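The next block holds one structure in the form of structure tokens; read it before the comments.
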Amino acid sequence: MACSKSVLPRSFYTRDTLTVARELLAKHLVRCVGDAELVGMIVEVEAYRGSDDPASHAYKGVTPRNRLMFGEGGFAYVYFTYGKHHCLNVTTEKQGVAGAVLIRAIEPINGMETMQKNRGTKRVHDLTNGPGKLTEAIDITKQQNGLDLTKGEELFIRKTQVEKDFETVSAQRAGIRVGVEKLWRFYVKNNSFVSRR
DNA sequence: ACAGCGATTGACT
DNA sequence: GTCAATCGCTGTA
């Protein structure tokens, strides 16, 4: 696998969830499907923790759905919601500590034609500017739930060759009714692929 | 067994 | 701006 040494290692993920969330911005999310490499730059994320975070799936303890949030950092946690959409998270923290980062938006870098086909639209700015949109664009379903992101194979995240300067904005998380006071949504300032709300 | 609902989206007024 | 779609997960019985 080319560029495998730039794949983020386990030690990146097994840290504090808020730190991992902020540092995921401007990294490249890579989805390999056959010979195709669908790539997007992460521009918007949200952190979810455990018993201190009423908005988190992990707030009330382990269930069959959220068990990956309690496992070791660096795995994909994919869930299905509103009867329509999949959301992609990466797990964080060490084994036994709940945490995950929701990938809310990416800026398409490579494989845009496939993303347009998967989304059924040609409008570039509608391809990946939302958690349910980007999973459809890069073909993430529960098939990918539990994947190890440190392998550099089907799904992974890598450092960019030259990371441009950017400003990080902290804001309220979207679509939740509790825990809104925590500013655990982070996005790249002025990036046009950040979801609206 | 089953009612309630959601870390969203797209269509419509 | 408002609201319906749609179904798997969760809590309760």
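All figures in this text were calculated on a predicted structure; none of them were measured in a lab. To find a chain, count down the sequence lines: A is the first, B the second, and so on, and within it residues start at 1. Atom set for the values below is all heavy atoms of this structure, side chains included, hydrogens, waters and symmetry mates excluded.
Base-pairing analysis of DNA chain C finds the following stems of at least three consecutive Watson-Crick or G-U pairs, with both pairing distances under 3.5 Å: B:1-6 with C:7-12, B:8-12 with C:1-5.
Within the structure, side-chain hydrogen bond (donor to acceptor under 3.5 Å, both in side chains) pairs that include any residue of residues 15-26 of chain A comprise A:Arg15-A:Glu23, A:Asp16-A:Thr19, A:Thr17-A:Thr92, A:Thr17-A:Glu93 (at least two apart or interchain). Sequence neighbours left out, the pairs with a member in residues 164-183 of chain A that pass side-chain hydrogen bond (donor to acceptor under 3.5 Å, both in side chains) are A:Asp53-A:Arg173.
For the C1' atoms, the distance from B:dC5 to C:dC3 is 16 Å, rounded to whole Å.
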For this session: Give the C-alpha distance, both sets of side-chain angles, the deciding distance and a yes or no for side-chain contact (heavy atoms from CB on, under 4.5 Å) between A:Asn118 and A:Ile138.
Result: CA-CA 7 Å; A:Asn118 290 346; A:Ile138 65 174; 5.9 Å; no

### Message
With side-chain contact (heavy atoms from CB on, under 4.5 Å) as the criterion, how do A:Cys32 and A:Glu37 come out once you've worked through the C-alpha distance, each side chain's angles and the decisive distance to 0.1 Å?
### Response
CA-CA 5 Å; A:Cys32 294; A:Glu37 198 174 70; 4.1 Å; yes

Take A:Ile157 and A:Val7 through the test side-chain contact (heavy atoms from CB on, under 4.5 Å) and record every step on the way to the result.
CA-CA 6 Å; A:Ile157 299 170; A:Val7 175; over 6 Å; no

| Could you walk me through whether A:Arg158 and A:Val30 pass the side-chain contact (heavy atoms from CB on, under 4.5 Å) check? | CA-CA 8 Å; A:Arg158 66 185 173 207; A:Val30 184; 3.7 Å; yes

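Distance check, rounded to the nearest 0.5 Å: CZ of A:Arg119 to OG1 of A:Thr135 gives 8.5 Å. Summarising the geometry, atom CE belonging to A:Met41 is positioned 12.5 Å from atom CG belonging to A:Leu24; distances are rounded to the nearest 0.5 Å. Taken to the nearest 0.5 Å, the NE2 atom of A:His125 stands 12.5 Å off from the OG1 atom of A:Thr121.
The interatomic distance linking A:Ile176 (CD1) with B:dA7 (C1') rounds to 8 Å, in whole Å. One atom, CG of A:Asn145, and another, C1' of B:dA7, lie 15 Å apart when rounded to the nearest Å. Regarding A:Tyr79, its OH atom lies at a distance of 13 Å from the C1' atom of B:dC5, rounded to whole Å. In this entry the distance linking CZ of A:Arg177 with P of B:dC5 reads 9 Å, nearest Å. To the nearest angstrom, P of B:dA7 lies 9 Å from OH of A:Tyr77. When rounded to the nearest whole Å, the span between NE2 of A:His86 and P of B:dA7 equals 15 Å. For the pair A:Lys84 NZ and B:dA7 C1', the interatomic distance rounds to 17 Å; values are reported in whole Å.
Judged as a side-chain hydrogen bond (donor to acceptor under 3.5 Å, both in side chains), and not counting sequence neighbours, A:Asn110 has no contacts. Contacts of A:Phe186 classified as ring pair (Phe, Tyr, Trp, His ring centres under 6.0 Å), with partners at least two apart in sequence or in another chain: none. In this structure A:Ser51 satisfies the side-chain hydrogen bond (donor to acceptor under 3.5 Å, both in side chains) test with no other residue, sequence neighbours excluded. With sequence neighbours excluded, the residues forming a salt bridge (Lys or Arg N to Asp or Glu O under 4.0 Å) with A:Glu46 are A:Arg104, listed by chain and number.
Between A:Lys142 and A:His85, the residue anchored closer to the 5' end of DNA chain C is A:His85, taking for each the nucleotide with the nearest heavy atom.
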Distance-only donor-acceptor pairs under 3.5 Å for side chains of residues 68-90 of chain A, two or more places apart:
residue	atom	partner	partner atom	Å
A:Tyr77	OH	A:His57	ND1	2.7
A:Asn89	ND2	A:Tyr77	O	3.2

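Within residues 117-135 of chain A, the residues having any heavy atom closer than 4.0 Å to DNA chain B are, in order of number, A:Arg119, A:Gly130, A:Pro131, A:Gly132, A:Lys133. The stretch residues 42-57 of chain A has no heavy atom under 4.0 angstrom from DNA chain C at all. A heavy atom lying under 4.0 Å from DNA chain B marks none of the residues of residues 14-21 of chain A.
In this structure a side-chain-to-backbone donor-acceptor pair under 3.5 Å is present from A:Asn66 to A:Gly61. Side chain of A:Glu44 to backbone of A:Ile106: no donor-acceptor contact under 3.5 angstrom is found.
Using a 4.0 Å heavy-atom cutoff across all strands shown, A:Leu102 reaches at least one base atom of the nucleic acid. Residue-level contact check: A:Arg65 touches the backbone only, with heavy atoms under 4.0 Å from sugar-phosphate atoms and none from bases.
Boundaries of the chain A contact region on DNA chain C are C:dA5 to C:dG11, first to last in 5' to 3' order (nucleotide atom under 4.0 Å from a heavy atom).
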